[in-house]
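In listed order, ligands and their atoms are each counted from 1. Everything quoted here is computed from the prediction, not taken from an experiment.
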Amino acid sequence: MPKLRIAGIQFNPVLGQVEQNVAKIRSLAATLTKPIDLLVLPELAVTGYNFKNAAEIQPFLEGRTGPTYSLARDLSTLYKCTTIVGYPENYEGTTYNLAMVVNEEGDLVHNYRKTHLYETDEAWGCVENPEKDFAAVDLVLGKGSERQTIRTSIGICMDLNPYKFTAPFNEFEFSMSAYANLARLVVVPTAWLDSESPDIQEDCSDKEKLELAAKIKKQLETETYPDAKDLLTLLIDYWIVRLFPFLSHPMNGLPKQPQKTTAVICNRTGIEDQTFYGGSLCILQFDRSIPETLDTDSNNPSVSVINSAGRATEEVIYLEVDV
Ligand code: GLN
């Protein structure tokens with residue numbers, strides 16, 4: 001069985017601090033001690049995500065060359081791996097939220113634009129991917145005799161959710177496309193909110209949200225945030241539900257596919273204003289040859305959480321998987 005060596009970097013990209021974020025990514029990558037084939041970074045990893053409006057993000061929009069591409073090229077050639085990383089794109093005057101794929105030679109081989117937008121994307125003037133088909137891409141990954149073409153579905157954060165949170169939950173737009181495309185690899189860079197993020201606490205007043213944000217910020221700075229290093233499976237369990245077509249479950253009437261599907265969900269940590277991100281970067285593997293159970297979360301034996309990061313920590317995770 002061919003092996004794929006995957007690494008993901010979870011960290012806190014500081015809004016607008018490109019040089020600082022690039023340095024952080026480089027230093028975290030430098031802690032890798034084993035060869036890798038695929039490196040995944042979060043959504044808008046180099047620029048930060050929570051821009052308030054189009055004017056604020058304007059200086060940080062990139063093209064096919066820019067700080068994100070330069071970094072991805074450097075990392076790919078240094079570690080002889082394929083790098084997938086998110087950035088805000090200006091394409092012929094239109095703004096997209098994009099993930100680029102850069103191969104071992106440092107060549108840009110694929111771009112994916114976010115299809116389901118979150119309110120933050122809309123605030124900074126991002127436009128939906130006009131092609132709403134979540135097309136898969138064949139990535140050539142691995143080294144030597146392990147080199148192989150792997151059908152891959154790339155999504156960005158909100159793509160895992162129902163369109164605008166209004167589409168039927170069980171339409172599973174992104175994961176149904178990945179299933180239909182026989183994806184063996186699913187890669188999702190994210191900037192996913194923690195359930196304790198102040199801005200989504202509907203019962204809190206504006207003042208309470210501000211206070212909560214200040215408290216979380218302080219705890220993160222002093223490394224006393226509760227459960228920071230522990231994995232809370234809340235996010236991971238939710239992501240597993242959203243990948244339901246790959247799960248062995250009595251309600252999954254889709255024909256079984258022979259291949260396993262490996263998912264890399266690469267979230268960030270940290271707090272930007274009142275938005276607190278929930279980490280939990282994980283590598284999951286789904287295998288429908290394992291018998292069904294009623295569980296729709298990490299208790300279901302057909303999905304293994306084969307590596308994952310903490311809730312609020314900056315770290316690199318590494319895993320060698322049979323794909
Ligand atoms: N639904 C996601 C969240 O709540 C979307 C965020 C995003 O698209 N960056 O975090």
Side-chain angles (χ1 to χ4, degrees), residues 8 10-16 21 40-54 56-57 60 68 84-89 95-100 112-129 132 134 153-169 171-175 186-202 204 209 212-213 216 232-244 263-282 309 311-312:
Q10 168 173 298
F11 76 111
N12 172 16
V14 182
L15 195 71
N21 296 332
V40 186
L41 297 167
E43 179 178 14
L44 270 62
V46 165
T47 59
Y49 177 64
N50 199 22
F51 293 97
K52 294 281 170 291
N53 51 52
E56 199 188 358
I57 202 169
F60 300 98
T68 303
I84 300 182
V85 53
Y87 74 95
E89 182 196 37
T95 302
Y96 295 101
N97 181 333
L98 189 140
M100 62 161 65
Y112 166 74
R113 297 191 173 101
K114 190 173 184 176
T115 311
H116 294 185
L117 300 186
Y118 187 58
E119 56 194 55
T120 308
D121 302 300
E122 285 168 357
W124 47 257
C126 183
V127 169
E128 278 177 12
N129 186 344
K132 302 198 188 314
F134 296 113
S153 285
I154 301 175
I156 302 175
C157 205
M158 185 72 189
D159 285 330
L160 270 178
N161 271 318
Y163 182 60
K164 292 187 187 283
F165 293 121
T166 55
F169 190 86
E171 221 169 284
F172 297 119
E173 302 96 314
F174 172 70
S175 52
V186 172
V187 179
V188 187
T190 66
W192 203 290
L193 277 57
D194 192 281
S195 57
E196 289 178 10
S197 180
D199 59 353
I200 53 169
Q201 304 312 313
E202 284 173 9
C204 286
K209 287 181 189 171
L212 182 59
I216 294 173
L232 290 187
T233 55
L234 282 176
L235 282 188
I236 295 181
D237 283 340
Y238 181 72
W239 294 330
I240 290 172
V241 182
R242 296 303 302 163
L243 293 165
F244 187 78
V264 185
I265 303 179
C266 189
N267 198 20
R268 55 163 293 173
T269 54
I271 185 160
E272 288 173 335
D273 291 327
Q274 297 180 24
T275 306
F276 174 40
Y277 302 93
S280 318
L281 154 58
C282 59
R311 180 189 189 189

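Ring geometry for F172 against F244 counts as parallel: the plane angle stays under 30°, on a 0 to 90° scale with 60° as the upper cut.
Considering both main-chain and side-chain atoms, F165 never comes within under 3.5 Å of ligand 1 through any nitrogen or oxygen pair. At under 3.5 Å, a nitrogen or oxygen of Y49, whether backbone or side chain, sits near a nitrogen or oxygen of ligand 1.
Between K52 and D273, the closest side-chain pair of non-hydrogen atoms falls below 4.5 Å. Contact of the W239 side chain with the C282 side chain is registered, since non-hydrogen atoms from C-beta on lie closer than 4.5 Å. Annotation: side chain of V241 is in contact with side chain of F169 (closest heavy-atom distance under 4.5 Å). Between I265 and T190, some side-chain heavy-atom pair lies under the 4.5 Å cut-off.
Residue Y277 places no heavy atom under 4.0 Å from ligand 1. Under a 4.0 angstrom heavy-atom cut-off, K114 registers as being in contact with ligand 1.
Contacts between Y238 and ligand 1 below 4.0 angstrom, taking non-hydrogen atoms only, are absent altogether. For L193, heavy-atom contacts with ligand 1 shorter than 4.0 Å involve the backbone as well as the side chain.
In the model, E128 has a side-chain atom that pairs as donor or acceptor with a side-chain atom of Y163 under 3.5 Å.
Nearest protein heavy-atom neighbour of atom 1 (N) of ligand 1: N161 ND2, 2.7 Å.
For atom 6 (C) of ligand 1, the nearest non-hydrogen atom from the set P42, G86, C157 belongs to C157.
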